[in-house]
Structures are given as structure tokens and as C-alpha cells.
Q: 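Submitted below is the structure of interest, expressed as C-alpha cells.
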Protein chains: 2
Amino acid sequence: MKADIKGRAPRTPAEADLLSFCNNAALRKAARGLGKLYDAVLEPSGLKATQYSLLTQIYDLGNPTMAELARSLLMDLSAMRHSLGPLIRDGLVRLRVEARDRRVKRVALTPAGVAKFEEAAQLWRKAQGRFEQAFGAARAAKLRSELRLLTSEGFKDAF
Amino acid sequence: MKADIKGRAPRTPAEADLLSFCNNAALRKAARGLGKLYDAVLEPSGLKATQYSLLTQIYDLGNPTMAELARSLLMDLSAMRHSLGPLIRDGLVRLRVEARDRRVKRVALTPAGVAKFEEAAQLWRKAQGRFEQAFGAARAAKLRSELRLLTSEGFKDAF
DNA sequence: TTGAAATCGTGGCATATGCCACTAATAAGT
DNA sequence: ACTTATTAGTGGCATATGCCACGATTTCAA
């Protein structure tokens, strides 16, 4: 465990765990971990949690343009497009050029997409429930609130 | 803005923003957003925040095996190996087979890797400082503490 | 009206991350 | 010692995400 053959001296307790102080690393690590848990619960639907999030946001926004969808997810337009790929390929999502401005494409769920979304939503509720159970509902709400602040324009500007 | 041409009816306030209730989606979104901020600050070093995290953890653990490193980051062994690729290619990290157990490979920073780590650490401190400034130091510590809980074995079991 | 500027989406390339199948090597059990 | 786990890493494939250059369109301005 403490190997360190030919390596640096072992960390002293005081300087131990440098990375645990990094807000960014902590966030990513938590996201990786929680992602796996949600993914496992959603698995029967064949959707990854990220894909479920995409479907949810499309459903929620109604009929967003690609740019609107990307902005709402704080995601790069190109990245979002790439992620949409598998969903389009599998017939869950469809793109339509807007007639009045042919630069624009609107994203919509297909009927199959709506069905898959509703199927996955059941599983999502289960995962979400387990989270609230394990972490505490109020505590979870507080956490989401803090995270929401991190993604706000105001925070970005203050940073 | 409210387009919704041929789309679903607009969300009522009550059901608005479905996704903001998803703990997992909130976490990923925040991670994306914060990642971009840290990345921007680290940019002069040529390292992404994720790569800086990897170097930090290698430095911190001293001379970990690949499996130890992956476990400590709650990361898939294979994923970590892939991420190590660019760092190895750029001569910052090196792998060595362990003589006593030739299945094992130990990960170590090269001298160039140590130098790059120290260079990036300066920038990281700047980013971290900005975060603490914008978010509040105590609040940040609390957030990290909550995130740490999420990544604990106990939470995974309770989930 | 016509050419510059801004907007939207696409494609290519690169890293981040995960899963699975497979090989190598060591540890356990009989 | 042999057979059977178990453990460590590798490689391939797939999705997640981002950046940049580019092409299509629309808007603005001279």
C-alpha cells in the first residue's frame, strides 16, 4: 500500500490529499461517481443518464433550436450536436430546419422518443428517490441550489 | 424565445425546469461549467484541469500503481489509462513495470512532469483563489465536504 | 444593393470516460 | 504441482465534451 519504491517520500498528514482541496476536481469526481449510479438504474431503458438529461431538456423546452438547447445545458453547441447523434440515429430525436430562418434547426422528440423518455423517467424517479433517501431530501435541495449558483452567469462573472 | 412552433405546449410554471431537480444533471452541468473556468486559467500551462488533476494525484500518491491511481480518482482503470496517454506522449509521466509483480505498473512523474506540475500549480492556485473569492471559502469547504460524501463508499452502499 | 459582420450549424480532431473482451501473471485451493 | 480463481493492464469501441475552421444564411451598414 505505502510502496513508494524509488518514489517520492510519502506525504505527511498535513500535505496529504492535495487534490481533495480542488473544487473542480471534487466536482468532477463526484459527477463521475454519481453518473455511474444513475447510469446503472437507467440501464434497463438503454439510455445513459446524460442522454436522459438531453431528452428531458428537449421535452421541457418544447421545441428548442440547437443553440437554445446547448445554452440551457451550458454545453458547447458542437458537443451537444455530437451527443444528439446516437439519439437521432436511434430515432428518438429529430431535427427540422426552420423555414423562416434556414440557419436554424429545431430539435424535437419523435413519438418513439417521447415513449422512451417516459419509460426512462420511471427509472430516473427511482434513482432520484434513492439519492434523496441516501443523502437527505433537504440536503439534496441545498446541494442543487449551490450547484445552480455555480452555473449562473453571476458566478462566472465574479470568477 | 418562446417559439414552440408546432411543438408541445409551453411548460406551466409548476412543471418548469424538470431537469433542475435531477441531482446528477445538476452535478454534471456544474462540472462542465466550472471545468471551463479552471481550464481557462490553466491554459498558459498547456494542461487541461483534468490533466492537472491527474498529475496532482500522481504527485500526491508518490508512486502509485495504475489501479491505485484509478481507485483514488474513482475512475475506471481503462479510462485513466487513456487519459494518461497524452501525458506519457508529452513526456510528463512514465510507467514502470514492478519487478516483484510483473502485472503491476507504477506511474511516476518525469522531471519534466514535476516541472510542469509546479508550473501549473501556480495557475491552479489562482483559479482556486478566484473560486473561493467568488463563492466564499467556508461555503466552498462545505460544498467539497458534501461532494466528498457523495464519493464515499458509504454513500454508494446506501444508494 | 452590396459587401462586411454576426449567427447557426457541421465536421474534424482531441481529450475524457466507460464497458467489454482478452492476455499476462500471480495467488488460492485441492 | 495443477487447476482455477483473481488481479493488473491493454485495446477496441462508444459516448461525452470542447475547440476550431468552414459554409450557409441572415442582418447590418455604407
Side-chain angles (χ1 to χ4, degrees), chain A residues 3 24-25 27-40 42-43 46-55 64-71 73-90 92-93 95-107, chain B residues 3 24-25 27-40 42-43 46-55 64-71 73-90 92-93 95-107:
Chain A
N24 182 53
L27 208 46
R28 286 191 84 89
K29 183 174 177 179
R32 279 197 300 275
L34 192 57
K36 280 192 247 194
L37 298 180
Y38 272 69
D39 276 351
L42 282 173
E43 196 274 331
L47 292 178
K48 318 293 275 327
T50 48
Q51 302 180 317
Y52 173 71
S53 291
L54 262 178
L55 294 188
T65 67
M66 300 195 61
E68 285 168 357
L69 182 57
R71 260 197 306 277
L73 290 167
L74 206 59
M75 193 181 291
D76 182 89
L77 170 61
S78 189
M80 195 214 52
R81 178 193 156 42
H82 293 321
S83 294
L84 238 32
L87 300 175
I88 294 175
R89 178 201 58 200
D90 297 341
L92 305 178
V93 163
L95 302 180
R96 271 180 317 178
V97 187
E98 173 114 323
R100 279 156 301 182
D101 183 343
R102 285 181 334 207
R103 285 173 303 185
V104 170
K105 280 185 181 171
R106 290 195 175 272
V107 189
Chain B
N24 183 53
L27 208 46
R28 284 190 84 89
K29 184 174 176 178
R32 278 197 301 274
L34 193 58
K36 280 192 248 195
L37 298 180
Y38 271 70
D39 275 351
L42 282 173
E43 195 275 331
L47 292 178
K48 319 292 276 325
T50 47
Q51 301 180 317
Y52 173 72
S53 291
L54 262 178
L55 293 188
T65 68
M66 299 195 64
E68 285 168 358
L69 183 57
R71 259 197 308 277
L73 290 167
L74 206 58
M75 192 180 293
D76 183 89
L77 171 61
S78 189
M80 194 215 53
R81 177 192 156 42
H82 293 321
S83 295
L84 237 32
L87 300 174
I88 295 174
R89 178 201 58 199
D90 297 341
L92 304 178
V93 163
L95 302 179
R96 269 180 318 179
V97 187
E98 172 115 324
R100 278 156 303 181
D101 184 343
R102 285 181 335 209
R103 288 173 300 185
V104 170
K105 283 186 180 171
R106 291 196 174 271
V107 189

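Everything numeric here is computed off the predicted structure, so don't read it as measured data. Residue numbering restarts at 1 for every chain, and letters A, B, ... go by the order of the sequence lines.
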Q: B:Lys105 NZ to C:dT23 P: how many Å, rounded?
A: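 Atom-to-atom, B:Lys105 to C:dT23, this comes out as 17 Å.
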Q: With sequence neighbours left out, what residues match A:Ala40 under side chain to side chain contact (heavy atoms under 4.5 Å, CB included)?
A: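 A:Ala40: no side chain to side chain contact (heavy atoms under 4.5 Å, CB included) contacts found.
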Q: Take the protein atom CE of B:Met66 and the nucleotide atom C1' of C:dT23, then report the distance between them rounded to whole Å.
A: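 To the nearest whole Å, that distance equals 15 Å.
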Q: Rounded to the nearest 0.5 Å, what separation is found between the CG atom of B:Asp39 and the CG atom of A:Asn24?
A: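 If I round to the nearest 0.5 Å, the distance is 7.0 Å.
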Q: Could you tell me which residues satisfy side-chain hydrogen bond (donor to acceptor under 3.5 Å, both in side chains) with A:Tyr38, sequence neighbours excluded, listed by chain and number?
A: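 Listed in chain order: A:Gln128, B:Asn23.
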Q: With sequence neighbours left out, what residues match A:Ala79 under side chain to side chain contact (heavy atoms under 4.5 Å, CB included)?
A: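 A:Ala79 satisfies side chain to side chain contact (heavy atoms under 4.5 Å, CB included) with A:Met75, A:Asp76 once adjacent residues are dropped.
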Q: Between the two end axes of the helix from C:dT1-D:dA30 to C:dT30-D:dA1, each built from 5 base pairs, what angle do you get to the nearest 10°?
A: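 Inter-axis angle at the termini of the helix from C:dT1-D:dA30 to C:dT30-D:dA1: 10°.
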Q: Roughly how far, to the nearest 0.5 Å, is the CD1 atom of A:Ile88 from the CZ atom of A:Arg81?
A: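 Interatomic distance, A:Arg81 CZ to A:Ile88 CD1, rounded to 0.5 Å: 6.5 Å.
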Q: Please report, rounded to the nearest Å, how far the C1' atom of C:dG9 is from the CZ atom of A:Arg96.
A: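 Checked: the CZ to C1' distance equals 17 Å.
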Q: Using a cut-off of 4.0 Å between protein heavy atoms and nucleotide atoms, how would you tag nucleotides 16-25 of chain D 5' to 3' with B, S and -?
A: SBBBB----B
Q: Nearest whole angstrom, please: distance from the P of C:dT15 to the CD1 of B:Ile88.
A: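 Taking CD1 of B:Ile88 and P of C:dT15, I get 13 Å after rounding.
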Q: Can you find a heavy atom in the side chain of B:Glu68 that is under 4.5 Å from one in the side chain of B:Val107?
A: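 The answer is no, as the side chains (C-beta and beyond) never meet within the 4.5 Å cut-off.
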Q: List in chain and number order the residues that pass side-chain hydrogen bond (donor to acceptor under 3.5 Å, both in side chains) with B:Asp90, two or more places apart in sequence or in another chain; answer none if no residue qualifies.
A: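 In terms of side-chain hydrogen bond (donor to acceptor under 3.5 Å, both in side chains), with neighbours along the sequence ignored, B:Asp90 is linked to no residue.
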Q: Output the distance between atom CE (A:Met66) and atom CD (A:Glu98), rounded to the nearest 0.5 Å.
A: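 Interatomic distance, A:Met66 CE to A:Glu98 CD, rounded to 0.5 Å: 13.5 Å.
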Q: B:Arg106 has an atom CZ; how far is it from atom C1' of D:dG9, in whole Å?
A: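 After rounding, the gap between these two atoms is 14 Å.
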Q: Taking only N/O atoms, report every protein-nucleotides 1-4 of chain D pair under 3.5 Å with atom names and distance.
A:
none

Q: What residues form a side chain to side chain contact (heavy atoms under 4.5 Å, CB included) with B:Leu74, not counting sequence neighbours?
A: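 With neighbours one apart ignored, the set is A:Lys29, B:Thr151.
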Q: For B:Ser83, enumerate each residue passing the side chain to side chain contact (heavy atoms under 4.5 Å, CB included) test, keeping only those at least two apart in sequence or located in another chain.
A: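 Per chain and number, B:Ser83 pairs via side chain to side chain contact (heavy atoms under 4.5 Å, CB included) with B:Leu54.
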Q: Check salt bridge (charged side-chain N to carboxylate O under 4.0 Å, His left out) between A:Arg103 and all other residues, then give those that pass, not counting sequence neighbours.
A: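 Checked A:Arg103 against salt bridge (charged side-chain N to carboxylate O under 4.0 Å, His left out); matches are A:Asp101.
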Q: Measure the distance from CG on A:Leu92 to P on D:dT15 and round it to the nearest whole Å.
A: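 Going from CG in A:Leu92 over to P in D:dT15 covers 12 Å.
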Q: What is the separation between atom CG on B:Leu95 and atom P on C:dA24, rounded to the nearest whole Å?
A: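 After rounding, the reported distance stands at 19 Å.
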